[in-house]
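To start, the structure under review is shown below, and the notes come after it.
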Amino acid sequence: MGKLIAVRANAGVIFGVIVALLSAVLSAPLSLAQPPFSLADQCPPSFALDSNNQCRLRNLYQLYDSLQDRGLGGLKTALPEHRDGFSPQQIDLGRLLFFDPVLSGDKNLSCANCHNPALGFSDGMDRSVGARGQVSQRSAPTLWNSAFLKVFFWDARAHSLEEQAVGPLFSDQEMANTPEQLLANLNQVETYPVLFSQAFPASEDALVIDNIVTALTAFQSSLISLNSPYDRYAHGDAKALSPHELEGLNVFRSFVARCSQCHTPPLFTNQQVAVIGTPEPAGLPRDVGAAQTFNAERLRGGFKVPTLRNIAHTAPYMHSGRFATLREAAEFYTKGRGHAVPEGEELLLHWHISDPNLTDTELDRLVDFMGALSDERFMPTIPTHVPSGLLSSKTSISLVTASGE
Amino acid sequence: MNTKFKVVLAIIIFAGGWIMGSSNNVAPVITSSVGGASYSGGFQTDVSVGAVPHRSVLGTVHIVNPGDSIQTAVETAQPGDTIQVMPGTYSETVYIDKDDIHLVGVIEQGNRATIDGLGKLNDAILYSGNNIIIENFRITRYKGNGIMGQAGNNFEIRNNVIVDTGIYGIFPQLGTNGLVEHNVVSGIEDAAIYIGMSDNIHVAYNEVFDSVAGIEIENSRHAVVEHNNAHHNTGGILAFVTPGLPIKTTEDVIIRNNFVTDNNTPNFGAPGSIVSGIPAGTGILVMAADDVIIEGNIISNNKTAGIIINDHSFATTITMDVASDPNSDRTMILNNVMLNNGYDTIPEVTAVALTELHTGPVDIVHVGSSNGSCIINRHRYRTVGIGNYGECDFTNTDNTESYLLAGGAEPRVIHPEERGEIAYLGVCTGCHSYTGRLIGPSVEVIQAMYAGNPQGLADYINAPIKKRNNFPEMPAQNYLDSETQLAVAKYMLQVGN
């Protein structure tokens, strides 16, 4: 499998993510020669602990309003409604689970393998690889700011982080586990029943699927990225963007490029489905995307508009990672409406897919601007070891140091 | 004429199963619109003549002369200031990312401040701030929009002449409480005036012509469109829901006392654009919008029809959106003057008409289902598809002067203590943990240093100086206003772990 991944890696992207893990993992004993685990009693940065032991998100966008409270608009616009209210213990347990390969059927793949913090919580691959080496249909999206999302998966088929989480866990194409197997495996790890009781003190039987999913949701909704140079500009720091980035912002929101019509601030997605007609990888059939979700042929080839926050860290781009760089991704939009739609393929392209004839300079500036949407200030602490012992400080090194650049 | 549009219309008509009917030899109900009941179902607001709150203190006036940059003046200006642009030609994109700026062109002896995109620049004026006024400019030859707002509340766009600027002439988006009046807009590839995803809007006294769409109210609520002259466009005035947008409704729109004439210009909209499906010769088009009142308009010489009401299944060129209600419900047609419409209509309208044994021109055509629609004096018009329209129980909209918000849309009010917590947690905790070093020194260390001196800490936050050799320099947080800086300083000095 390691070989398969290496083959699938895009040039220019450094991995070292999963490969080193596997051999070590498969032979690692379950015994713990590590310090014992205790769950945090404080919220992650950007959260306030309320009197009910729940973490409440605080960010500067809470100073603003938005039309119809939809969290869409311009610079000083409120964000969409978000998920919060999890306890520090639940968030911390979610963090341990997230990095623990024990969650997958063969105990060889953690959430972090496809949502690697060092790669913008994505995996640097065009299409992700499952626990048994299966190449999936689509690329792994970033998890930054998923607290603000209402729809999940490229094809918009899930409507909560909980609904999303059970997708990969029990998909044969991804982590290839079953609910029974997952519970059995977690119960075999000495620490987990204790940690679950701490995180879910009201539950008689704390180690259940619902609580696993809640903990994962709690952790994912703590991944907040709202302190980029763009954000400083939005809040009023006129010097926060470089002249090139500012030029890029004006191309981005211009009605020639029209990027902001779908990648709408402040989240940089309007969370709608759009058919834009990007090419599929050579030899692969058209991914129908949201047409299946909604049973609607008009949405053939339609995908959820992804956020552009931290986009510079999550190459390659589009649902099947067809574009290696942001420059190529931006260029797609100016090569002509439908230019990559093959003969005989009927797609009802989005009305904002037009012929903007952007100049090379404008494309460069767009890339500059998208780079200004990067912020990893609130990066969570990556555990050096996890309760199962499957991830030890040795094997986790590659995870921590992998670089997306 | 768009062939796809034709085909779809025909399909819908046959699939819909039209109710046949006629009303021969029945004495018409004649309803006077004078002194009768007035519409009371719309948005309730105190009367407001403007959208931007009145300034109690006048700020600085910045004068821009030809050869100067308007943008430089915008960057210099503080909220509360006015920028006066002298007659002459300027070629730039002006963007206003701050609140309360009045950008005013000076007109001398008919000479305007002209912003010329030379066919190369994207947009003329972009704004995102609240309380923005843009008036008296001449804008021409931009590739994108003339004037575009993203999310600014309380705006007035007035007395601008916009000629041949590409996609939209005036396009406020995602804002609340705006006035668009006395503009002359022509030669626009999409809509001359396009109100997108906005609330509480007043569009009045504009002349819009030679464009694909004259005035378009899209995915917006509480809008009055009155006293405009929409002529020689492909379609005159449109109220509709575009599916696939994140804000899903168009509701409560009054279209009254407009001239809607000679809108027979061949459609030159870009392929794939929503308006490219509008048949030339459309006076007023209502698509999937609810609670639209059409009153007192002079609608004449529109060759397809004076008023078309339809639903989303009407057009295959638009996407599918389960969250979007496809029907036009509660369309209300009061007295309008309708002359010589539908004289050279599309075959699909003729076909619908035939199902009702109607031949000849058509003033009003409704295609698709509708609930709760009404009309008065229906006998005056040549109508098709309005058999299920009841009689309106009101005759005018005199009670509604506008839907603008008296005093303007209020900004969210956050108590200073809350501002302190928000800024501390939202920004500071990225670099400062309570104990131990993160990027900057620990909060404990800072608390010890500034105990009893929140103003000192606020001053430091505003303009940090490098204090520790082995720490990176802190970026100034001077984009926070002084009140928030002090609030965050106070918060930081008392916060516990």
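Below, read A as the first sequence line, B as the second, and so on, with proteins coming before strands; counting in each chain starts at 1. Side chains are part of it too, since the values below use all heavy atoms of this structure and drop only hydrogens, waters and symmetry mates.
In this structure, the portion of B/Ser198 lying under 4.5 Å from any heavy atom of chain A is its backbone and not its side chain. Only the side chain of B/Val322 comes within contact range of chain A, judged by heavy atoms closer than 4.5 Å. Only the side chain of B/Ser128 comes within less than 4.5 Å of a heavy atom of chain A; its backbone N, CA, C and O stay farther away. Looking at B/Lys143, both its backbone and its side chain come within 4.5 Å of chain A, counting heavy atoms on both sides. For B/Asp321, the part lying under 4.5 angstrom from a heavy atom of chain A is the side chain only. Contact annotation for A/Ala48: both backbone and side-chain heavy atoms come within less than 4.5 Å of a heavy atom of chain B. Heavy-atom distances place no part of B/Pro79 under 4.5 Å from chain A, backbone and side chain included. Contact annotation for B/Ala409: neither backbone nor side-chain heavy atoms come within less than 4.5 Å of a heavy atom of chain A. Within the 4.5 angstrom heavy-atom criterion, only side-chain atoms of A/Leu246, from C-beta onward, approach chain B. Both the backbone and the side chain of B/Asp97 come within contact range of chain A, judged by heavy atoms closer than 4.5 Å.
Interface remark: of the candidates A/Asn250, A/Asn59, A/Leu299, A/Asn250 forms the most heavy-atom pairs closer than 4.5 Å to chain B. Contact tally against chain A (heavy-atom pairs below 4.5 Å) for B/Glu410, B/Gln150, B/Met148: the top residue is B/Gln150. Interface check for chain A: of the options B/Ala323, B/Ala270, B/Ala151, the most heavy-atom pairs under 4.5 Å are formed by B/Ala151. When each of B/Gly144, B/Gly430, B/Pro475 is checked for heavy-atom pairs under 4.5 Å with chain A, B/Gly430 comes out on top. No other option in B/His432, B/Met197, B/Glu418 has as many heavy-atom pairs under 4.5 Å with chain A as B/Met197. For the set A/Ala274, A/Ala234, A/Ser66, A/Ser260, the count of heavy-atom pairs under 4.5 angstrom toward chain B peaks at A/Ser260. For the options B/Gly426, B/Pro246, B/Cys428, heavy-atom pairs under 4.5 Å to chain A are most numerous at B/Pro246. Per-residue counts of heavy-atom pairs under 4.5 Å with chain B were compared for A/Asp65, A/Asp237, A/Asn270; the largest is that of A/Asp65. Each of A/Arg232, A/Gln271, A/Arg258, A/Arg337 has some count of heavy-atom pairs under 4.5 Å with chain B, and the biggest count is that of A/Arg232. Interface check for chain A: of the options B/Asn145, B/Asn478, B/Ile414, B/Leu438, the most heavy-atom pairs under 4.5 Å are formed by B/Asn145.
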Can I get a per-line list of side-chain donor-acceptor pairs under 3.5 Å for residues 166-176 of chain B, giving both atom names and the distance, sequence neighbours left out?
| unit_1 | atom_1 | unit_2 | atom_2 | d |
| --- | --- | --- | --- | --- |
| B/Gln173 | OE1 | A/Gln261 | NE2 | 3.1 |
| B/Gln173 | NE2 | A/Gln261 | OE1 | 2.7 |

Side-chain polar contacts of residues 71-82 of chain A - donor-acceptor pairs under 3.5 angstrom, sequence neighbours left out - could you list them?
| unit_1 | atom_1 | unit_2 | atom_2 | d |
| --- | --- | --- | --- | --- |
| A/Thr77 | OG1 | A/Gly74 | N | 2.9 |
| A/His82 | NE2 | A/Asp84 | OD2 | 3.0 |

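Ring-centre distance between A/Phe255 and A/His352: below the 6.0 Å cut-off. Between A/Phe268 and A/Tyr230, a ring centre-to-centre spacing shorter than 6.0 Å is recorded. Aromatic ring centres of A/Phe47 and A/Phe86: separated by at least 6.0 Å. Between A/His244 and A/Phe369, a ring centre-to-centre spacing not shorter than 6.0 Å is recorded. Taking the ring centroids of A/Tyr64 and A/His235, they lie under the 6.0 Å cut-off.
Not one N or O on the side chain of A/Asn53 forms a donor-acceptor pair closer than 3.5 Å with the backbone of A/Ser87. Checked by atom type and distance alone, the side chain of A/Glu362 pairs as donor or acceptor with a backbone atom of A/Thr359 at under 3.5 Å.
Between B/Glu218 and B/Ile195, every side-chain heavy-atom pair lies at or beyond the 4.5 Å cut-off.
Of the N and O atoms on the side chains of B/Asn153 and B/Asn177, not one donor lies less than 3.5 Å from an acceptor on the other residue.
Remark: A/Glu345 CD is packed, more than 12 non-hydrogen atoms of other residues, nucleotides or ligands lying under 6.0 Å away.
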